[in-house]
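Below is one structure, written out as structure tokens; the observations come after it.
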Protein chains: 2
Amino acid sequence: MKLQLQIKMNEALFLRDPESSALGKNILSHGIQLIYKHGFEAFTFKKLAEDIGTTEAGIYRYFENKHKLLVYLTAWYWGWLEFQISFQTNNIDDPAVKLKKVIRLLAMAVEDDEQTSYINESLLHQIIISEGSKAYLTKQVGEDNKQQFFKPYKDLCAVIGQIISDCNPVYKYPRSLASTIVEMAHFQNFFMYNLPSLTDFGKKKEETEIISFLNHLVFSSLEIKQEHG
Amino acid sequence: MKLQLQIKMNEALFLRDPESSALGKNILSHGIQLIYKHGFEAFTFKKLAEDIGTTEAGIYRYFENKHKLLVYLTAWYWGWLEFQISFQTNNIDDPAVKLKKVIRLLAMAVEDDEQTSYINESLLHQIIISEGSKAYLTKQVGEDNKQQFFKPYKDLCAVIGQIISDCNPVYKYPRSLASTIVEMAHFQNFFMYNLPSLTDFGKKKEETEIISFLNHLVFSSLEIKQEHG
DNA sequence: CTTAAATGATAGTAATACTATTAATTTTAG
DNA sequence: CTAAAATTAATAGTATTACTATCATTTAAG
């Protein structure tokens, strides 16, 4: 049995559902490749159309503009990650063990998930690291938020915030700590590879070091002693 | 006596020194206003030229493109902030007291510094919050870094990292904690006003709450008990 | 097998991100 | 004080980007 993981996307993010056709799926898979390759600023729908072998107008039938595509991809990623977390922490009772698992999932390089053929999660993870915050660091953040574009991100932080509260019910900043973990899992990665003096991991350049840093940060905030690493 | 604070800028950031002429100073002051008003994406040199009452070509004689202007402004801000920190923590012996002061300086809304007539630090602070990370979240980060464009940011983090090490010489992640404080001082502010459910400060919306969060985060990491707030 | 829907091909527009040229003005050096 | 040098303004122009519109053709669903 091969079960297909389908992430329910906000319909206001697209004009035509990209998951409903071959062209749409190409827009997603080639879009990920090209944003990864050129960076979001230099990425254009024209390049994407050429890469796919279709026309600019073809892309515009699916996405209003490249910002919407980026928001779509980030929303997809957060949705996917929340599923990974709920799946991989299922049946774990100890919230501290859960939280450690979450930190590991956030900070570890992602391997491509074969369940979703047209999304390369590994590349998408890299895009989230370098471009993810551009989805909300805009003047339209208020309107975009009203349209619930960031719901998957907020849901993910809410889930992590809940685990934090389960670890220490009197801790005062579960949501801020959750968003801090998420952002820092990515920023410390970006810094490690691009501005290494902003981190303590410049020499080894290993994701496990980011995990250790985040674990220490989180568990000392929650006043929980860690058994290992 | 009125002493003028001059921040030494990297010469590769501009074509002609904007601090050397009236037009240059206008580019800085109106640039700050317009980036603040429209956001960096919608900001153009054409709008800036119209706002100043000069021509596009005039702006291009000072800055190669708008990205360089953003990098210039962020570099200026980090340089200014490092000066503020060194000034305001001068003669303080206790590194923990120093660190608290640093966190407050990072997280508090900035009031306009009259020493620098053509830079509105308060607006610039807002720009750093919303646009600051776009200075380095690019494909050219490597080349820009080679040209030392991010030196002021790295210097600031180094200073903070040193204070952290002074607080607890065996703490293993002083640099990563420093960059975490800096980034989170700004991101939690952005979230508080724009995506409040990602924080615990949505109701009060006060910078002092971000300070409390960061203080708790930092001092529990460093295993130092705080006397107050 | 018919018809609606999706795609491809082509064209076109307004705005952006620049570069080049020359004229006018200001600054500075002798 | 004046000529030369530097700076700025005015104008024009190009390539690319970010779209929109139209219509013919292919595909797929009933």
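Each chain gets a letter, A, B and so on, in the order the sequences are listed, and its residues count up from 1. Not measured: the values here are computed from a predicted model. Keep in mind that the numbers below use all heavy atoms, side chains included, and drop hydrogens, waters and symmetry copies.
Aromatic ring orientation, A:Trp80 versus A:Trp76: parallel (interplanar angle below 30°, classes split at 30° and 60°). Ring planes of B:Tyr136 and B:Phe150: perpendicular class, angle over 60° (limits at 30 and 60°).
Within residues 45-60 of chain A, the residues that have a heavy atom under 4.0 Å from DNA chain D are, in order of number, A:Glu56, A:Ala57, A:Tyr60. Near DNA chain C, meaning a heavy atom under 4.0 Å from it, residues 61-69 of chain A has A:Arg61, A:Tyr62 in order of number. Near DNA chain D, defined here as any heavy-atom distance below 4.0 Å, the residues from residues 17-24 of chain B are B:Ser21, B:Leu23, listed numerically. Against DNA chain D, the stretch residues 28-44 of chain B makes no heavy-atom approach under 4.0 Å.
Aromatic rings from A:Trp78 and A:His186 are positioned such that their centres are separated by under 6.0 Å. Close placement of the B:Phe187 and A:Phe187 rings is indicated, their centers lying within 6.0 Å of each other.
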| message | If you apply the rule side chain to side chain donor-acceptor pair (under 3.5 Å), what do you find for A:Tyr173 with B:Glu209, and how did you get there? | response | CA-CA 10 Å; A:Tyr173 313 106; B:Glu209 300 209 69; over 6 Å; no

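Distance alone, capped at 3.5 Å, is enough to place a donor-acceptor pair between the A:Ser179 side chain and the B:Leu198 backbone. Side chain of B:Thr54 to main chain of B:Glu50: no donor-acceptor pair is present (N/O by atom type, distance under 3.5 Å, no hydrogens or angles). Although no hydrogens or angles enter the test, the distance criterion places no donor-acceptor pair under 3.5 Å between the side chain of B:Ser130 and the main chain of B:Ile127.
Residues satisfying the salt bridge (Lys or Arg N to Asp or Glu O under 4.0 Å) test with A:Lys205, not counting sequence neighbours, are none. Partners of B:Glu41 according to the salt bridge (Lys or Arg N to Asp or Glu O under 4.0 Å) rule, which considers only residues two or more places apart in sequence or in another chain, are B:Lys134. With sequence neighbours left out, the salt bridge (Lys or Arg N to Asp or Glu O under 4.0 Å) criterion links A:Lys151 to A:Asp155.
Applying the side chain to side chain donor-acceptor pair (under 3.5 Å) rule to pairs touching residues 189-204 of chain B yields A:Ser176-B:Asp200, B:Asn189-B:Glu207, B:Tyr193-B:Glu207, sequence neighbours excluded. Applying the ring pair (Phe, Tyr, Trp, His ring centres under 6.0 Å) test to residues at least two apart or on different chains, the pairs with a partner in residues 28-53 of chain B are B:Phe45-B:Tyr60.
Between the side chains of A:Ser21 and A:Tyr62, at least one donor-acceptor pair of N or O atoms lies under 3.5 Å.
In this structure, the separation between CZ on A:Arg61 and CD1 on A:Ile27 is 9.5 Å, given to the nearest 0.5 Å. Interatomic distance, CD1 of B:Ile211 versus CD1 of B:Ile103, reported as 8.5 Å (0.5 Å rounding). Taking NZ of B:Lys47 as the reference point, atom CD1 of B:Ile52 lies at 14.5 Å (rounded to 0.5 Å).
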Polar-atom pairs under 3.5 Å, protein N or O versus N or O of nucleotides 23-28 of chain C: list them with distances, or write none.
none

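Over its full length, the helix from C:dC1-D:dG30 to C:dG30-D:dC1 turns its helical axis through 20°, comparing axes from the five pairs at each end and rounding to 10°.
The nucleotide range of DNA chain D contacted by chain B, defined by atoms under 4.0 angstrom from heavy atoms of the protein and reported 5' to 3', is D:dT7 to D:dT11.
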